[in-house]
Each structure stands twice: as structure tokens, then as C-alpha cells.
Amino acid sequence: MILYDTLTAQKREFKPILGNRVNIYVCGITPYAETHIGHALSYVMFDVLRRYLEFQGYEIQFVQNFTDIDDKIIARANEQGISTKELARIYIEDYFEAMDSLNVKRADHYPMATIEMPKIIEIISSLIDQGYAYPSSGDVNFRVTKDPEYGKLSHRTIDSMLEWANEELTENKDHPLDFALWKGTKPGEPSWDSPWGAGRPGWHIECTAMAIRYLGNTIDIHGGGQDLIFPHHENEIAQSEGYTGDKPFVVTWMHNGLLHLGNDKMSKSLGNLVTVKEALSNHTSDALRLLFLSSHYRSPLTYSESLVESSDRARQRLVNALKPRQTEIESELDGLKTALGVDVSTYQDRFEEEFGIDTQSYQLRFTAALDDDLNTPQAIAVIFELAREINRYKGMDVEVSSAQDCLRKLAGILGLSLDSTMSEPSNKSEANEFINLLVSIRTELRTEKNWSLADKIRDELDGMGVILEDSSSGTQWEFKD
RNA sequence: GGCGACGUGGCCAAGUGGUUAAGGCGGAGCUCUGCAAAAGCUCUAUUCGGCGGUUCGAAUCCGCCCGUCGCCUCCA
């Protein structure tokens, strides 16, 4: 597999540091507000990376943090009159709900800044001892000039940043770009004890502490949004490599392009955000995933309702391809099978194997796409081509179940569940027998060519969210999404 | 000012030196069907922002220009 690395700015062959094991650290959220679709884009993308590596047989250690203490959390908690801890708890829960509904697999560890204090303090102490950091009136700052490679990730130099930077808070700092490892406490703020007095960790140090603690001094893949490249990840490298002395801190830096919201009337009141909850109230999670994955992860994507809607229709196409082939001939075969005691399906399978869809070539093209820096748009194209061929074979009444299995498997690597709407919620199931009754009555009406009444039943049911589809083998129905 | 992206059909979006420029949505026609839906087939970019250059050959490399955007401040 080839992956693009932000640090070296090139695509390189991916190879785990240690055998079969791949360590992944993805920067998590600061839980002070609801999870939005920009987060969703990023975590869906890393979810696909993880699923694909697992599919390739790697053993994944996936760590994702929560920054559960920072300025915004404090401000927000004060606004709402609750503790920072409680605020974080609320939005962490919201995050998990959002990710679960998007079918994003859970990480192996979710460390939080506030419970990693010992490691954080240990690292800061060491950085001070090594001359990388200095205490300054309650704060501890990282000395940027001590690191000759500072700026290597974001491809800038200290000088170039100084020219245009709005760094003004130089009071406690020896250099405008020095950044806080530890912030001395202010009145009314939660704080933790440290050798430098009460305070709290700076933004970047927690990730260093957690990544090193859970994954070691050098990790395979570190990811996040492109907005984290500077300063967050830049500072993380400086701290981590300063602390451990081991380089590189990260073998492959991966950054996803950011989600944009059109300048339109997306969200008048709430800034310019669409929360995952809002998006999922109108769309399936598969549609969102399909949308996110239909452009390359390093490109920006502009979100709009109409785009999700077209993704939803595309999703429906895949779902339809997975619907079982149901024809008169099949039921006749089933009848024959039981009547003669012969396992007809064996012959069907052999026929499918020899004359059917070449699922292997689809899978090969699919993996080739993902092998090339996670080219999900191309992988999706392969899936749609497979779906079309399945439909074509269904039309010819050839067994397609193994091709459907293949489609399901490949879609699963992209985290698409492709649930048929046939699997309706339980509260609807009690309506089933009535719907079945109506359908069978309608079938009789149709044999009597009472089209107007038959169509009326279909229309009325449609109004109630039930879709009827007639075919030569009978009528199928399902609930709308 | 620095660093970096991007501009491909009506919309979204792959492709980055050489067969017919993927795929999805939308649109048109046909087939199937009582109708509808679903599905299939065909069509929907002689052309890849513009102008030059390199090359036997470029959407793909180089230069310039036009346009859009991101980061340099909290952010996935």
C-alpha cells in the first residue's frame, strides 16, 4: 500500500515498523460542542483506512484522544454553569453516538488529557531538563529555537512565520513562537498540581503523552484534519522528538482535506455548522459515508443537501443490487429441488462460478484503488460497476449470490452497511400482516384487472411510507427510509 | 508577505505522458411492465481554466496569465 506522508510530501510504500502490527493515532475532538459533519468526514476516512488495513491482515492498535480540558471547554462550562468534567462527558457521549450511527469502529483506547497528568508532567520535566522548555511565571513554554527542524511538517521556517504571525503575547515567552506546555492556573479554572504550580496542560502536550504512552516512541500512522498540521502536529513532533530523542516520532503523517459548507443558507443560526445529528435526521449514514468517500481524502469537499441526496440515491442503487433475485424460475427450481430431493443450488453455484461474474477481478481492482493512497473514489467506482453487472445477471436470471457477497464485503471495507430497508424497526413489524393482506387483496384485484383500485391501494400505501413493486413473480414491498 | 492546494461533461468526482477521459447524480431515448417502480441497454466532455513551451505524443511535464480556496490564530 502506498500512502501520502505530509512530512515528506510524497507517496511512499507503507510498511509497519513492527511485523504485522500497525499503530494508529488520530487526533480526537475537544468535547465542548456537538459533533459536526467535518469531524464525521475525518473519522470516516480514518475508519476506512483502519478497516482496509484490517482487511489486509494487519493487527491494528487504534488510539484516539479527547482533549477534555482547554479554554473553550472552560468558557462553555462556565456559560452553562456546569463543571468542565460534566461538559466534556456530555459531548463525549454525543461524539460516540454520532460515530456509532456513522458505523465508525471504536478505537482501542480513548485517553483523555485530564487523566494523563503523570505522563504529561513527566514529559514536561524531561523537556525542561533537556533544555527544550523553560518555566516562566507559572507557565512552561517550549523553546522553538532549540529545535533546528521546527517547521518541517508544515514546511515553513521560524523566520517566515514571524513576518506575518499575529504573535503578540510575548510577555512570558522568550520567543514569539514558543508555545505553552503547561499553563498556570487562573482564578475559577480547574487545575492540577505540578512542580511549576497549579495549572493545566497546553493543547499539544497531551497528544505527545498519549501517543507515546499507548503506542511507543515511534508510531506508524498519525492522522487528523489538515487544520491540525500547524501548529498542533508541528508542535507535537517538536515535543515528542525532543523528549524521546527518537526520530521519527511518526512514520506516516496523514491529513484529510477539510469539509466546507457552501456560502448558502446551510445553518443560519448556529454559526455555519451542520451537526452529525442534523445530517442523519435527513439522510442515511451510508449516504454520508458515500459522499465523504466519493472524493479523495486529501481534497476538500463542499457539503450541500443536494449532494447528500444524490449520494442517497446512489446508495439505493447498491442496496437494490443486493436484493435477492426472485423469479418464477427460481421458485420452480426450489420446487424441483424439494420434489426430487436434488440439491439444485450446487449446479447453480457451479454455473455462477464458471459463467458468472468474475468477482476476483472486481476485488483486485478495488484493492488496487485503495492501495494507491486510499483512492476511495476509484474503489467506489468498482463497486458500482459490480452492482451493474449483478443487476445485468439478475435480469438474465443467473444466480448472483456470490457476487452479492463480494459486493457486500467490499462495501463493508468502506464501512457501508447497505441495509435493505426490508429490515424495518420492530414497531413497524406488527403492521406487516396488514400490509401483506392488502398486497394479496391487491394481487387479486390485479388478476381481475381492476387497475384503478389496485393503483389506489398502491398510492395509499405509498403515502404511508410503504413502497410496492410489481414484477412477474409477484409483488414485493418495503418501508421507505 | 510566506507555505500549499485546486480549476475535468448540467452537478459531484477519478485519472497525472500514449488503447474508446472511471464512477455517481441529473437529463434524453429504448426494452421490460396494465400503469408505476426497480432494472438493463444506448446517448449525454474530439475534450480536460487560458496562452505559450518540451515531446513522435500531454488533461497529465515546464513557464506565464486568469480564477477559486486553505493554512500561517482555536478548529477534524
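Below, all heavy atoms of this structure are taken into account, side chains as well, without hydrogens, waters or symmetry copies. Chain naming here is simple, since letters A, B, ... match the order of the sequence lines and numbering starts at 1 in each.
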- Task: Measure from the side-chain heavy atoms of Phe384(A) and tell me the nearest of C3(B), G23(B), A76(B).
- Result: G23(B)
- Message: Is it the case that the side chains of Gln64(A) and Tyr95(A) hold a donor-acceptor pair, with the cut-off being a distance below 3.5 Å and no angle test?
- Response: yes
- Between Asp71(A) and Arg200(A), does at least one N-O distance fall below 4.0 Å, as a salt bridge requires? yes
- Message: Over all strands shown, is Arg442(A) touching base, sugar-phosphate only, or nothing at heavy-atom distances under 4.0 angstrom?
- Response: base
- Query: So which of Asp371(A), Asp47(A), Thr367(A) actually passes side chain to side chain donor-acceptor pair (under 3.5 Å) with Tyr52(A)?
  - Reply: Asp371(A)
- Specify the closest pair of heavy atoms between Phe249(A) and Ile237(A), including all atoms of both residues, with the distance to one decimal. CD2-CA, 4.2 Å
- Message: So for Arg392(A) and C41(B), does any side-chain atom that can act as donor or acceptor lie under 3.5 Å from a complementary atom in the base?
- Response: no
- Letter by letter from the 5' end, nucleotides 5-17 of chain B scores (B base, S sugar-phosphate only, - none; protein heavy atoms under 4.0 Å) -------SSSS--
- Output the single nucleotide from G34(B), G24(B), G70(B) whose closest atom is nearest the side chain of Asp455(A). G34(B)
- Message: Check the phosphate of C71(B) against Arg156(A), side-chain N and O only, distance under 4.0 Å to OP1 or OP2. Yes or no?
- Response: no
- Message: Tell me whether the side-chain N or O atoms of Asp470(A) pair up with the base of C35(B) as donor and acceptor below 3.5 Å, since no angle test is needed here.
- Response: yes
- Would you please say whether a donor-acceptor pair under 3.5 Å links the side chains of Asp312(A) and Thr284(A)? yes
- Could you tell me whether Gly223(A) contacts a base, only the sugar-phosphate backbone, or nothing, with contacts defined as non-hydrogen atoms closer than 4.0 Å? nothing
- Query: OP1, OP2 of G23(B) versus side-chain N and O of Arg317(A): anything below 4.0 Å?
  - Reply: no
- Query: Base, sugar-phosphate, or nothing: which does Glu385(A) touch, judged by heavy atoms less than 4.0 Å apart?
  - Reply: sugar-phosphate
- Message: Quick check for you: among C74(B), A76(B), A39(B), whose closest atom lies nearest to any side-chain atom of Asn391(A)?
- Response: A39(B)
- Message: Classify Ser154(A) by what it touches in the nucleic acid, base, sugar-phosphate, or nothing, heavy-atom distance under 4.0 Å.
- Response: sugar-phosphate
- Arg446(A) has a side chain; which of G34(B), C71(B), C41(B) sits nearest to it? G34(B)
- Do any side-chain nitrogens or oxygens of Asn320(A) fall under 4.0 Å of OP1 or OP2 in A39(B)? yes
- Query: Which residue, Gly38(A) or Val382(A), contacts RNA chain B at a nucleotide closer to its 5' end, judged by nearest heavy atom?
  - Reply: Val382(A)
- Task: For C6(B) and A13(B), measure between their P atoms and round to the nearest Å.
- Result: 13 Å
- Query: Checking Asp5(A) side chain against Trp253(A) main chain: does a donor-acceptor pair fall under 3.5 Å?
  - Reply: yes
- Base, sugar-phosphate, or nothing: which does Ile467(A) touch, judged by heavy atoms less than 4.0 Å apart? nothing
- Query: Is the ring of Tyr43(A) stacked on the base of A76(B), with centres less than 5.5 Å apart and planes under 30° off?
  - Reply: no
- With sugar-phosphate meaning primed atoms plus P, OP1 and OP2, does Asn256(A) contact a base, only sugar-phosphate, or nothing at under 4.0 Å between heavy atoms? base
- Query: Which is true for Leu468(A) with a 4.0 Å heavy-atom rule: it touches a base, it touches only sugar-phosphate, or it touches nothing?
  - Reply: base
- Item | Phosphate OP1/OP2 of G26(B): any Arg313(A) side-chain N/O under 4.0 Å | yes
- Message: For the C1' atoms, the ones on C11(B) and on G26(B), what distance do you get once it is rounded to whole angstrom?
- Response: 7 Å
- Message: Of the options G70(B), C74(B), A76(B), whose atoms approach the side-chain atoms of His36(A) most closely?
- Response: A76(B)
- Between C66(B) and C25(B), how far is it from one C1' atom to the other, in whole Å? 30 Å
- Considering heavy-atom distances to RNA chain B, does Ser311(A) or Trp451(A) have its closest nucleotide positioned more toward the 5' end? Ser311(A)
- Query: Considering only C72(B), A38(B), C41(B), which nucleotide approaches the side chain of Arg388(A) most closely?
  - Reply: C41(B)
